[in-house]
S.K.: 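Here it is, the structure in full.
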Amino acid sequence: MTLVTQHAALSDIGLHRQTNEDSYVAAPPLFVVCDGMGGAEAGEVASAIAVETMAARFAAGDALVAAARAANEAVFARASARVEESGMGTTLTAVMVDGEEGRFVHVGDSRAYRLREGRLELLSDDHTLVGEMVREGRLTVEEAAVHPHRSILSRALGTEATVQVDEFTTDLRPGDVLLLCSDGLSGEVPDDGLRDLLAAHDDPTEAAAGLIDAARAAGGHDNITAVVIRLLAGDEDGMVESEGSTQVLAVPAGAADAGLEGDGESDPAPEPAPVEPSAGGVAPVVPAGSAASSPARRRLALLVAVLALVALLGVAGVVVVNTCYFVGVDDGQLAVYSGLPWSLGPLDLHSVYLRSARPYVLLDAQQQALVDARGVRTKDGALRLAEDLGMLP
Ligand code: MG
C-alpha cells in the first residue's frame with residue numbers, strides 16, 4: 001500500500017504581536033515549523049534561516065538530523081556575526097513522510113501530534129523548563145500548561161554552536177493526521193480542542209483554518225502556525241484511491257523557495273500555489289484552490305467587518321480626542337493630554353495638548369495620586385486641575 005499526503009499550512013500573526021516570528025515549510029515529503037525568538041526582528045531572521053537551511057540541505061540529500069544540525073550552525077553563525085542578533089534562536093519541529101513512517105526531528109517547544117481514530121497523541125517533548133519538570137514528575141501537565149515560566153526554553157536551535165536534536169519515528173496508516181504547530185496554537189488550545197478540530201475537518205485547509213481561528217478566539221497571544229498533514233491510501237501511481245472532496249494544497253512560506261517542492265511521487269498534489277516569500281520571513285496565509293474558497297470568503301467578510309469597525313472607531317476617536325482630556329506626565333514633567341489615557345498596542349489614544357515645565361516630583365503625595373489616576377476630564381476640567389497643580393504660568 002502506498003500512502004499519500006494531503007496538507008495545508010497556515011500561519012497567523014495572532015492578536016498581540018507586531019511581527020510573525022514563525023516560519024514553516026510545506027514541501028512534501030518534508031514539513032517544518034520553526035518559532036523564532038530574540039530581540040528586535042531577530043526571531044523572524046532565526047526561524048527563516050532555519051527553515052531555509054533545513055529545506056535546502058534536505059533537498060541536497062542530507063538526513064533529517066544532519067539538516068537540522070546545519071540549520072543550527074547557520075542560525076548560530078548569523079547570531080555570532082551581528083551583535084543585534086546575538087542570542088537569537090528558534091524552535092524546529094520537522095517531519096518527513098517516508099512510506100508508512102513519519103520521521104521526526106525536534107528541538108524546542110513547537111509540537112508534533114498524531115491523530116488516529118479520534119485519539120490525539122503528542123509525539124514530541126517540550127524542551128522547556130516546565131516540560132523537564134513534568135518529565136521528572138515535579139509538575140503535572142495541567143500545572144505546566146498555566147505555569148508563568150512555561151515558555152522558557154531549555155533547548156533551542158541556533159543559540160549554541162551545537163545542539164542536541166531529538167529524533168523519533170512513528171508508523172503511519174491511512175486516515176492518520178499529523179499536526180505540526182507552534183506554541184501559539186498548543187499554548188492557547190488544549191489538546192482536546194486540537195483533537196476535536198482535527199477530527200471535525202477532513203479537509204486539511206479547513207482543519208488548519210479552524211485551528212488558527214480557535215487560537216485567536218482563545219486570546220491569540222502569540223504567533224500561530226499549523227501544518228496539517230492527512231495520510232490517505234494511494235494506488236501504485238500514488239493517486240488517492242477514494243476521491244474525496246479535499247484538495248491538496250501546498251503553501252511554502254517563510255524562506256521556502258522553489259527548490260522545496262516535493263518529488264511528486266508521494267504527494268498527488270497539483271502544482272503548489274506560487275507564494276512569494278514575504279520580507280522578514282513572515283509566513284503568508286494564501287488560500288489556494290477551490291477548497292480554500294470558503295475560508296477565503298470568511299476572511300474577506302472578516303476583513304470588511306474589521307475595516308468597518310476601524311472606520312467607526314476612527315470617527316469615535318476624533319470625537320473622543322476632541323472632548324476628552326487628562327493630566328499626566330511627559331518625560332518627568334506635567335502635561336495635559338487630549339484623548340484617552342490608554343494605548344492600543346503601539347497606538348497611543350492621546351497626544352500632548354499642553355506641556356508644562358513643572359516636574360512631577362515636586363508635587364506632594366496627594367497631588368501625585370491625582371495625576372497617577374489619569375482621570376478623564378473635560379478640557380476645562382483638565383485645565384482647572386493643571387492650574388491647581390501649578391502647571392500654568
Ligand atoms: Mg511562539
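We count residues from 1, following the sequence as given. Just so you know, ligand 1 is whichever comes first in the structure, and atom 1 is the first atom listed for that ligand. Everything quoted here is computed from the prediction, not taken from an experiment.
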S.K.: Identify whether the distance between the nearest side-chain nitrogen and carboxylate oxygen of Arg111 and Asp183 falls below 4.0 Å.
M.R.: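 No salt bridge links Arg111 with Asp183.
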S.K.: Taking only residues at least two apart or on different chains, which pairs with a member in residues 54-63 satisfy side-chain hydrogen bond (donor to acceptor under 3.5 Å, both in side chains)?
M.R.: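 As it turns out, the side-chain hydrogen bond (donor to acceptor under 3.5 Å, both in side chains) pairs with a partner in residues 54-63, which skip direct neighbours, are Arg57-Asp62.
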S.K.: Angle class for the Tyr353/Tyr325 ring planes (parallel below 30°, perpendicular above 60°, tilted otherwise)?
M.R.: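 The rings of Tyr353 and Tyr325 stand perpendicular, inter-plane angle above 60°.
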S.K.: Give a yes/no answer: is there an N/O/S atom of Asp35 under 2.8 Å from the Mg ion (ligand 1)?
M.R.: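 Checking the Mg ion (ligand 1) against Asp35, an N, O or S atom does fall under 2.8 Å.
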S.K.: Using the side-chain hydrogen bond (donor to acceptor under 3.5 Å, both in side chains) criterion, which residues pair with Thr93? Sequence neighbours excluded.
M.R.: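 Per chain and number, Thr93 pairs via side-chain hydrogen bond (donor to acceptor under 3.5 Å, both in side chains) with His106.
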S.K.: Give a yes/no answer: is there an N/O/S atom of Asp183 under 2.8 Å from the Mg ion (ligand 1)?
M.R.: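 So Asp183 counts as coordinating the Mg ion (ligand 1), yes.
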S.K.: The Mg ion (ligand 1) to Asp222: any N/O/S contact under 2.8 Å?
M.R.: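 Yes.
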